[in-house]
Structures are given as structure tokens and as C-alpha cells.
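Only one structure is covered here, and it is reproduced in the block below.
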Amino acid sequence: MNIVTALTDVLAFIFGTIFSLWPLWMAIPLIRKKGSLLIFLILWLFLGFVRVLAAYAPTRGLRIIPEPANTLFFIAVGLVIGLMFIIRRASATEGAPRR
């Protein structure tokens, strides 16, 4: 086994495991009581990047929710967070004083 293949397998396992724990990662801002939508959106985008890296890996890592449900739930949560962020931004700009 070549070192690049071994490193790729280890990184794939790590990225797959990080992504599979996304519900726990998304709960961290709630636990710290500093849960702004921007933090959730940034965290979701980071986890999406990790998901892309893990998708092309031969080893998937640990799984809490089986695929494809895990990815579908993740995308649904991202859509909800994104829509809430857009709605909040739009309502904040509507209430702003005009010049």
C-alpha cells in the first residue's frame, strides 16, 4: 500500500466521520446560546465542504444516520437555514430608514 493511498483512506474516514456527526455540530451554537443564523449558515457551508470531500472517498467513516437519508436531511436543514437567513435579511432591510 502506498503512502498516498493510506493517507487518503485516513482523511476519508476522518471527513466521513466529521460529516456523519453534523447534527451534533449544528447543536453547538444552540448549546452556547449564541445561535445566530450566520453562525449556522457558516457551519453548514463548512460541513457541506467536508461532505464533498468525503463523497469521493472509498471509506465512509462512522454513520449515525444511514445514507442517503443523512445527506437529504443535511440538505433540507441547509435550505431551511438559508431561507430563514434570506427572510431575516430582507425584513431587516425593509425596516431600515430610507434616505
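Along the sequence shown, residues carry numbers from 1. Note: hydrogens, waters and symmetry copies are ignored here, and every other heavy atom, side chains too, is used.
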Is any side-chain heavy atom of [Y] closer than 4.5 Å to one of [X]?
X: Asn70; Y: Ile64; answer: no
X: Trp22; Y: Val77; answer: yes
X: Leu37; Y: Arg89; answer: no
X: Phe46; Y: Trp25; answer: no
X: Leu21; Y: Leu24; answer: yes

Look at the side-chain heavy atoms of Ile, Leu, Val, Met, Phe, Trp and Tyr, link any pair under 4.5 Å apart, and say whether [X] and [Y] land in one connected group.
X: Leu79; Y: Leu72; answer: no
X: Ile86; Y: Ile39; answer: no
X: Val80; Y: Ile87; answer: no
X: Leu7; Y: Val50; answer: yes
X: Phe85; Y: Ile75; answer: no

Roughly how far apart are [X] [atom1] and [Y] [atom2], rounded to 0.5 Å?
X: Ile81; Y: Leu45; atom1: CD1; atom2: CG; result: 9.0 Å
X: Arg51; Y: Thr71; atom1: CZ; atom2: OG1; result: 3.5 Å
X: Ser20; Y: Phe13; atom1: OG; atom2: CZ; result: 8.5 Å
X: Phe40; Y: Met26; atom1: CZ; atom2: CE; result: 6.0 Å

(request) Check Ile65 against Pro23 and note the closest heavy-atom contact, atom names and distance. (result) CD1-CG, 4.3 Å
(request) Dump the intermediate steps for side-chain contact (heavy atoms from CB on, under 4.5 Å) on Ile18 and Leu47, then the final yes or no. (result) CA-CA 8 Å; Ile18 289 172; Leu47 289 170; 4.1 Å; yes
(request) Establish, yes or no, whether a centroid distance under 6.0 Å links the rings of Phe19 and Phe74. (result)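 So the answer is yes for these two rings.
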